[in-house]
Structure formats: C-alpha cells, structure tokens
Amino acid sequence: MLQEALKEIKRGAAEIIDNERIEKLLKAYFDNKETYTVKVGFDPTAPDLHLGHTVLLQKLAIFQKYGAKIQFLIGDFTAQIGDPTGKSATRKTLSAFQIQENAASYKEQVFKILDPLKTEVVFNSEWINPLGASGMLTLTTTFNVARMLERDDFDKRYKSGTSISISEFIYPLLQGYDSVHLKSDIEIGGTDQKFNLLMGRHLQRAYETGKEQAVLMMPILEGLDGVQKMSKSLNNYIGVADEPNDMFGKVLSISDELMWRYYELLSAKTLSEIEALKNGVADGSLHPKKVKEELALEITARFHSEVLANEAKMEFDRVHSNNQIPTEIEEFSSDGEISITKALVDCNLAPSTSQARRDIKQGAAKINQEKIDNEHLQLRSGEYILQVGKRKFAKLKVS
RNA sequence: GGUGAGUUAGUCAAGUGGCCAACGACGGCGGACUGUAAAUCCGCUCCCUCCGGGUUCGGUGGUUCGAAUCCACCACUCACCA
C-alpha cells in the first residue's frame, strides 16, 4: 500500500531531493493518519492554465489522495518583481482587485483537478509585506552573489552579457522565504525551478525552522511544436479552458513522438498500458492516429466530459477527414456591399488587408467552398461562408 | 564617475550615403503530399481595396538633392576600470 503510493507519487518525476523525507511523511500518514503540507507556487498574472500546469496539478492530486494538504500559493508579491528579462516592458503592477479576480479564475480552473477541501489558497504578500526593510535585509544576508550566480539562467545571462536586475536576485529568496513561513514539508515545481525550490530548503535551515522541505520536480511539458516548453506567450499551448473542439484538435496535431511524452505526463493510464500501446504501434498492429485519438479523447473528457469529447471527435472527422464545414461557425454581419479583402479582415480571418490579399493570391481563401480568384470581388447582400486555409471559417451576412 | 562596444522587422542577424521595405537563418502563414502528424518540395511574410502610394532600422534634432548608413544630444544594454 505504502509502496504503491510512493510509486504513484514518483511516476514521471524528473528529480526528487530528499526522497527519505517523502517516504517518512507517507509512512506517518499510513501508520497514524498524520497529514503534511505540499507547497506549489503560481504567478497571479497568467490565470489561463494550460496542460503544462496540469502536470503539476495532477501530481498534487495524487498527493492529496495520500494525506497531503496543498498550499496553493499565489505569488502576488513576487509577481511585482517578475522576470524583467531585457525588454523595455516594465512589469505592470496588478491592482488588488485584479489579483482577486485572477485568483478566483485560478480556483475555478484548479479545482477541476484538485480537491478544494484539502487545498489552502494563500497569497505571499500577506507575510512578505510585514517583513519590512529590515526583514528583507536579514533575508539577503543568508545568501551571497557567487552562489546566486550558480543558478543556470543567471550564469548564462551573466556570461552572455544580458542584464540582470538586483530585484531578480531577491526573487528566489522570497520564494524560499514562503516555505519558511508556510513550514512546507514538500514543495513541487518544474525542473526549471530547481534553484528556487532548493532555496526553500536553504532558508528553512537558515531560519532554524527545524525542517527542510523535500523537493519534487516534474519535467517541463513541451508545447505543440515539440521543442519549446508549453507556454501561452509562445502560443503552443493547450488551455484548460479551451473549447472541446480546439482541445481535441490540438492534441491530434502533435507529432507521434511527442504523443508518448504527453501520455507519460498527462494520461491516467498506467505505465504498462502505455508500454503496450507503444509496442502496438511499433509492430504495426495499432495505427498511431488511433492511439493519438485515444489520448485526445481522454484529455478532452477530463476538462469537459466524455460526451463532449466524443462530439469533438465527430466534428473533427467531419471537418478534416470529410472536408466539410464545421457545424458551428462564428457569424458576422455587414451593412451593405463589402469587398472581399475587407470582409476577411472583419471576420478575423486575416490580420490585415495586405495579408488577406496575399491569402487570396495563394489560393487559400474560399467562399462557399469555392476558391476565390479575384481579389477585387465585391460581396453583395446574401450569406457567405468564408474560409482561409484549412481551419479558419466564418459566416458573413451582408445586408 | 571614466573608457570602449552596441541598439535593424516575431527572434537571431547582414547592411556603413542613392541599386533598401532592407541579404540570410529560424519561426509563422499558405499550397502540394498526408493521418489537420512528422519529413519533404514550392510560395508568402510592414501597412494601404488594384495601378501606385504611405510609414519604418532605440529617441530627438541636424548635415545632405538624398540617411538604417554621417554629426550632436538623450535613453537603454554590455565589457573593463573606479
């Protein structure tokens, strides 16, 4: 029982620091029902969770199954520092109202996976603000610059001559201090967070809290391109809040190779089940597309429902396998005659008139399934189905 | 505070007075092929309803018939010195 729990907890983990401690905590739970805390931190600026985040969340859900109380930390204070990597864009300070709103949005998404009864949502401004200048100073005495520069990304930036702001040095310290305040037993995060996660251990020791948190790191999930990490800014993500059709389509668009990665980190299937699928594909008894569809169904069903997932699959087959028009298309209307280029822009099918013209020239634009060959075409009153490329559709009513 | 180097499109990066809306690479988009996959091949990639025109190369001002390119100042980044 204990062994199984441990196995489940360790599945997919990239690295675990202080394995022993985790084992002890679990043993205490199984023997005496003692609970423990697992901390995870999120930035309040980006409340749109994607599958990359859910790798962590799913892991937390497993912990909850085995006696953990989750400390879901929203870094409202640390967000003010953020990561000013070059760029002129000064970090926007979020208003208290915005933070509350983002937090609410987080909860809504997060509780699709986590058990709210075993989750405590906390904000770090609550204890960092009272620190004051002197508290902050004390914090900075616990660490030195040379060690700070050991951190991989600082090191790279320093060597490559990119600027590093002093405030960025404070960031890991504050994150570590969160663990001091919360007396966390375990903290989990992505492998890119290793330095910050270890800082929690360091500070818990420096502040003589009597414990040092164990650290469990999950691998970073690659985005749809299969190369860079999944992130909103790279636009290679599958959002938790994505529509079923989008979600299904996006999963299906990943490469076969990447599919196995997603299986490992996102699927509820056991490792041996996944191994069986792999063998099936390798010896030709399973078509990779079928295997990918299964994954797409599983993921879509998790965030929506099985019914909606199946509908998404049917819609997908309809549009892509049979080249039909989707059942639901966004509708637009126009008063009076309109030129085709303007129509494409107005319907969000092209970002600019110039682009619209190019699309037409390249034969990418269609009206009612027919290629447009005249870029000066005027649309008179009536209803049109406009299409650019394979996936972008819109319905336009001209009156 | 001093000295030197730098700032070009989504990113990297050429271009040092007219042939520059600006080489190239990556990315992105479209087409062919497919399993809306990958790989591959081809095309496009500032804006403007065509012809043609407009606005760009950190910012401001200047030199010049003409500036991404020269000059001045400002801002930002990096290195070395203090």
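Note that the structure is predicted; figures quoted are calculated from it, not measured. Reminder, nothing fancy here: chain letters follow the sequence lines and each chain counts from 1.
Of the residues in residues 241-256 of chain A, A/G249, A/S253, A/I254, A/S255, A/D256 come within less than 4.0 Å of RNA chain B through at least one heavy atom, sorted by number. Looking at residues 285-298 of chain A, you'll see A/H287, A/P288, A/K289, A/K292 sit with a heavy atom under 4.0 Å from some atom of RNA chain B. Using a 4.0 Å cut-off on heavy atoms, the residues of residues 389-399 of chain A that approach RNA chain B are A/G389, A/K390, A/R391, listed by number.
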Collect all protein-nucleotide pairs involving nucleotides 40-42 of chain B in which both atoms are nitrogen or oxygen and the distance is under 3.5 Å.
none

Detail all sub-3.5 Å separations between protein N/O atoms and N/O atoms belonging to nucleotides 1-7 of chain B.
none

Atom pairs under 3.5 Å, N or O on each side, protein against nucleotides 76-79 of chain B: can you list them with distances?
{"unit_1": "B/C78", "atom_1": "OP1", "unit_2": "A/S163", "atom_2": "N", "d": "3.1"}
{"unit_1": "B/C78", "atom_1": "O4'", "unit_2": "A/G161", "atom_2": "O", "d": "3.4"}

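Nucleotide B/C41 is matched to B/G31 when pairs are restricted to Watson-Crick or G-U wobble geometry with both distances under 3.5 angstrom.
Summarising the geometry, the separation between CD on A/Q228 and C1' on B/G28 is reported as 13 Å, rounded to the nearest angstrom. If you take NZ of A/K371 and C1' of B/G30, they are 11 Å apart, rounded to a whole angstrom. One can place CG of A/D225 at 11 Å from P of B/A39, the figure rounded to the nearest angstrom.
By the neighbour-count criterion of 12 heavy atoms within 6.0 Å, atom CD of A/E328 is sparsely surrounded, having that number or fewer from other residues, nucleotides or ligands.
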Review item, side-chain donor-acceptor pairs of residues 172-182 of chain A, under 3.5 Å, at least two apart:
{"unit_1": "A/Q175", "atom_1": "OE1", "unit_2": "A/N196", "atom_2": "ND2", "d": "3.1"}
{"unit_1": "A/Q175", "atom_1": "NE2", "unit_2": "A/Q193", "atom_2": "OE1", "d": "3.3"}
{"unit_1": "A/D178", "atom_1": "OD1", "unit_2": "A/W127", "atom_2": "NE1", "d": "2.9"}
{"unit_1": "A/D178", "atom_1": "OD2", "unit_2": "A/N124", "atom_2": "ND2", "d": "3.2"}
{"unit_1": "A/S179", "atom_1": "OG", "unit_2": "A/K39", "atom_2": "NZ", "d": "2.8"}
{"unit_1": "A/S179", "atom_1": "OG", "unit_2": "A/E187", "atom_2": "OE1", "d": "3.1"}
{"unit_1": "A/S179", "atom_1": "OG", "unit_2": "A/Q213", "atom_2": "OE1", "d": "2.8"}

Distance-only donor-acceptor pairs under 3.5 Å for side chains of residues 132-144 of chain A, two or more places apart:
{"unit_1": "A/T138", "atom_1": "OG1", "unit_2": "A/S134", "atom_2": "O", "d": "2.9"}
{"unit_1": "A/T140", "atom_1": "OG1", "unit_2": "A/L137", "atom_2": "O", "d": "2.6"}
{"unit_1": "A/T141", "atom_1": "OG1", "unit_2": "A/T138", "atom_2": "O", "d": "2.5"}
{"unit_1": "A/T142", "atom_1": "OG1", "unit_2": "A/L139", "atom_2": "O", "d": "2.6"}
{"unit_1": "A/N144", "atom_1": "OD1", "unit_2": "A/A146", "atom_2": "N", "d": "3.2"}
{"unit_1": "A/N144", "atom_1": "OD1", "unit_2": "A/R147", "atom_2": "N", "d": "2.9"}

Compile the donor-acceptor pairs under 3.5 Å between side chains in residues 296-305 of chain A and protein atoms, sequence neighbours left out, one pair per line.
{"unit_1": "A/E298", "atom_1": "OE1", "unit_2": "A/S267", "atom_2": "OG", "d": "2.9"}
{"unit_1": "A/E298", "atom_1": "OE2", "unit_2": "A/S267", "atom_2": "OG", "d": "3.3"}
{"unit_1": "A/E298", "atom_1": "OE2", "unit_2": "A/A268", "atom_2": "N", "d": "2.6"}
{"unit_1": "A/E298", "atom_1": "OE2", "unit_2": "A/R302", "atom_2": "NH2", "d": "3.2"}
{"unit_1": "A/T300", "atom_1": "OG1", "unit_2": "A/A296", "atom_2": "O", "d": "2.6"}
{"unit_1": "A/R302", "atom_1": "NH1", "unit_2": "A/Q58", "atom_2": "OE1", "d": "3.3"}
{"unit_1": "A/R302", "atom_1": "NH1", "unit_2": "A/L266", "atom_2": "O", "d": "3.1"}
{"unit_1": "A/R302", "atom_1": "NH2", "unit_2": "A/L266", "atom_2": "O", "d": "2.9"}
{"unit_1": "A/H304", "atom_1": "NE2", "unit_2": "A/D242", "atom_2": "O", "d": "2.7"}
{"unit_1": "A/S305", "atom_1": "OG", "unit_2": "A/L308", "atom_2": "N", "d": "3.2"}

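Legend: residues meeting salt bridge (Lys or Arg N to Asp or Glu O under 4.0 Å) with A/K24, ordered by chain and number and at least two apart, are absent. Contacts of A/E212 classified as salt bridge (Lys or Arg N to Asp or Glu O under 4.0 Å), with partners at least two apart in sequence or in another chain: A/R201, A/R205.
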Could you run down nucleotides 46-51 of chain B 5' to 3' and tag each one B, S or - for protein heavy-atom contact under 4.0 Å?
-SBSS-
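Donor-acceptor pairing under 3.5 Å, judged by distance alone, is present between the side chain of A/Q362 and the base of B/G43.
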